[in-house]
Asks: 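Below is one structure. I have some questions about it.
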Number of protein chains: 2
Amino acid sequence: MYVTLPTEPAFPAASLPMRGSPKRRAAFQRTLRCAEGHTLFYEGDEAEMIYQIKSGVVRLTRVLENGRRQVISFGLPGDFVGFPDGDRHHSDCEIIAPAEFIAHSRRALESGEGNVETHRRLLHAALQEISAMQDHFMMLARKSAMEKVASFLLVLSQRTGIGFGAQLAVSLPMSRADIADFLGLTIETVSRCFSQLRKDGVIVLDTPQSVRVRDAAALRRAALSTE
Amino acid sequence: MYVTLPTEPAFPAASLPMRGSPKRRAAFQRTLRCAEGHTLFYEGDEAEMIYQIKSGVVRLTRVLENGRRQVISFGLPGDFVGFPDGDRHHSDCEIIAPAEFIAHSRRALESGEGNVETHRRLLHAALQEISAMQDHFMMLARKSAMEKVASFLLVLSQRTGIGFGAQLAVSLPMSRADIADFLGLTIETVSRCFSQLRKDGVIVLDTPQSVRVRDAAALRRAALSTE
DNA sequence: CGGCACGTTGAGTGCCCTCAATGCCGGTGG
DNA sequence: CCACCGGCATTGAGGGCACTCAACGTGCCG
């Protein structure tokens, strides 16, 4: 069953697939569609569902009291988002490219209610998340600006790139500010790194949101920078 | 390299409580004691157990191919370490202060085998870990050197500090190199921050491994640095 | 056309890194 | 006992990378 999300302002979408459903107690899994610009959940919301992204892109963010923002991660197809801390979400989740989700009840993760196999997959995803975040520690703490941007492009091209002749077309639905807050850089530095990669012939910038990777090997070298 | 190795060679401690035990199949939970300098598990080891720290301190590290090292976290009493990625550990775990653990079978987390309540607690700890790591993202990406060091001291003093008159005595079993690799700084910068805090009268450095917090409010201010 | 959001580019500064020297402490051997 | 050494921490001098501040270009929308 599909729940199409509207063009109205953001709302606690997490609650939608459950409320008022006659099959509520049996609804461990639902499919959900959501337009760009909407917020799937906010920090502090009660976490009723965990979402697997079928298509589209989401952005997980967290804000410090002084206003500094951190983009925790970008959710790409295949990713799970919404793992709770206690019974609450600990970040905001905004849709930045029209997305479809499979929504799982939180109890499917916590108690295996509904389906043992689903429980196993959710748990596995949560543990993988921990490992992936550790990789990102390296990124934030030990890589130069160019390495960060190159690594970012590399991952994105590997996960969502589309063959385009000898090149790989990559869409960047997020803004430069999002990328900067993800990598721990400023907007200007991110922009300068893109320009440098363009000047070096590694990438082509058709529009700021549309990149083609011309030299994947060079990109990989820039991302590692063993020197 | 960084850390002095113990009087005996490191060993796969994780396997100790299981091997040769006649009660092996029933052993979902065991207590374990381990001296400083030993390694509880290595990256790539099969993750048979998950450990809750009863006392002592451990260090989780990961190494990049080019040699750059990242300290993922320090495990303090109450913390869980050893959450697997698939069936493998994804970091090294070394004991840096004599420690006691409760070892849980990985199956206790994955299938709830043994005890439902244990399963719930392990899962809860894994989810909390995700949330805690997100906080550390902020730390690595958006805080200045002084904020990082002050935050680090603050957390440590809150978790392991011992009242000492009006002051709070904190033990730092880890080296400056460990702290630097945890915070994404260099040894020298960490040292300079400690010295600055000392000059400002915020802390007293009895020895490099033994700190007293004189002015907790000032430390908190330094950690937030809203300016 | 003006206003705005976003991205790019330039100039200058500052924070933290690099490199280097020194001090301290424990272990070891003369 | 002292000399020597290696590991660790501290401190200083200098430089570079990324930040800050600012200007400009572009596309979108009223």
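Lettering of chains follows the sequences in order, A, B, ..., and the numbering in each one begins at 1.
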Asks: Of all of residues 204-212 of chain B, which get a heavy atom below 4.0 angstrom from DNA chain C, listed by number?
Replies: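 Under 4.0 Å from DNA chain C: no residue of residues 204-212 of chain B.
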
Asks: Using whole Å, what does the distance between atom C1' of nucleotide C:dC6 and atom CD1 of A:Ile96 come to?
Replies: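 A:Ile96 atom CD1 is separated from C:dC6 atom C1' by 15 Å.
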
Asks: Find every protein N or O atom lying less than 3.5 Å from an N or O atom of nucleotides 20-26 of chain D, and list the pairs.
Replies:
{"unit_1": "D:dT20", "atom_1": "O4", "unit_2": "A:Arg192", "atom_2": "NH2", "d": "3.1"}
{"unit_1": "D:dC21", "atom_1": "N4", "unit_2": "A:Glu188", "atom_2": "OE2", "d": "3.0"}

Asks: Whole angstroms only, please: what is the CZ-P distance between A:Arg176 and D:dC19?
Replies: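 That distance rounds to 15 Å.
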
Asks: Rounded to whole Å, please give me the gap between CG in A:Leu197 and C1' in C:dT8.
Replies: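 It is 15 Å, rounded to the nearest whole Å.
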
Asks: Which word best sums up how the rings of A:Phe101 and A:Tyr51 line up, parallel for under 30°, tilted for 30 to 60°, or perpendicular for over 60°?
Replies: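 Judged by the thresholds at 30° and 60°, the geometry between A:Phe101 and A:Tyr51 is perpendicular.
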
Asks: Under 4.0 Å between a side-chain nitrogen and a carboxylate oxygen: does that hold for B:Glu48 and B:Arg106?
Replies: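 Here B:Glu48 does not pair with B:Arg106 in a salt bridge, since their nearest N and O are not under 4.0 Å apart.
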
Asks: Restricting to salt bridge (Lys or Arg N to Asp or Glu O under 4.0 Å), what partner residues turn up for B:Asp135, sequence neighbours left out?
Replies: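 If we apply the salt bridge (Lys or Arg N to Asp or Glu O under 4.0 Å) test to B:Asp135, skipping adjacent residues, the hits are A:Arg62.
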
Asks: Separation of B:Leu185 atom CG from C:dC16 atom P, in whole Å?
Replies: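 Atom CG in B:Leu185 sits about 8 Å away from atom P in C:dC16.
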
Asks: May I ask you to evaluate whether A:Arg142 reaches the phosphate of C:dC17, defined as a side-chain N or O under 4.0 Å from OP1 or OP2?
Replies: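 For C:dC17, neither OP1 nor OP2 has a side-chain N or O of A:Arg142 closer than 4.0 Å.
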
Asks: In whole angstroms, how far is the C1' atom of D:dT10 from the CD1 atom of B:Ile179?
Replies: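 So the two atoms are 14 Å apart, to the nearest Å.
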
Asks: Ignoring hydrogens and angles, write down the donor-acceptor pairs under 3.5 Å from the side chains of residues 160-169 of chain A, residues two or more places apart or on other chains.
Replies:
{"unit_1": "A:Thr160", "atom_1": "OG1", "unit_2": "A:Leu156", "atom_2": "O", "d": "2.9"}
{"unit_1": "A:Gln167", "atom_1": "OE1", "unit_2": "A:Arg212", "atom_2": "NH1", "d": "2.8"}

Asks: What's the CD1-C1' distance between B:Ile187 and D:dG7, to the nearest Å?
Replies: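 After rounding, the gap between these two atoms is 11 Å.
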
Asks: Short question: side chain of B:Arg59, backbone of B:Met174 - any donor-acceptor pair under 3.5 Å?
Replies: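 Between the backbone of B:Met174 and the side chain of B:Arg59 there is no qualifying donor-acceptor contact (under 3.5 Å).
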
Asks: Just the rounded figure in Å: distance from C1' of D:dA9 to CE of B:Met174.
Replies: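 For the pair B:Met174 CE and D:dA9 C1', the rounded distance is 16 Å.
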
Asks: Validate the cation-pi geometry between A:Arg176 and A:Phe194: distance from NZ or CZ to the six-membered ring centre under 6.0 Å, angle to the ring axis within 45°.
Replies: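 Judged by the rule (NZ or CZ under 6.0 Å from the ring centre, within 45° of its axis), A:Arg176 counts as positioned above A:Phe194.
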
Asks: For A:Arg198, check salt bridge (Lys or Arg N to Asp or Glu O under 4.0 Å) against everything at least two apart and list the hits.
Replies: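 With neighbours one apart ignored, the set is empty.
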
Asks: Expressed as a whole number of angstroms, how long is the span from A:Leu183:CG to D:dC19:P?
Replies: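 For the pair A:Leu183 CG and D:dC19 P, the rounded distance is 10 Å.
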
Asks: Parallel, tilted or perpendicular: which describes the rings of A:His136 and B:Phe137, with under 30° parallel and over 60° perpendicular?
Replies: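 Perpendicular: the ring planes of A:His136 and B:Phe137 meet at over 60°.
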
Asks: Excluding sequence neighbours, so at least two apart, what forms side-chain contact (heavy atoms from CB on, under 4.5 Å) with B:Ala218?
Replies: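 With sequence neighbours excluded, B:Ala218 shows a side-chain contact (heavy atoms from CB on, under 4.5 Å) to B:Val202, B:Asp215, B:Arg221, given in chain and number order.
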
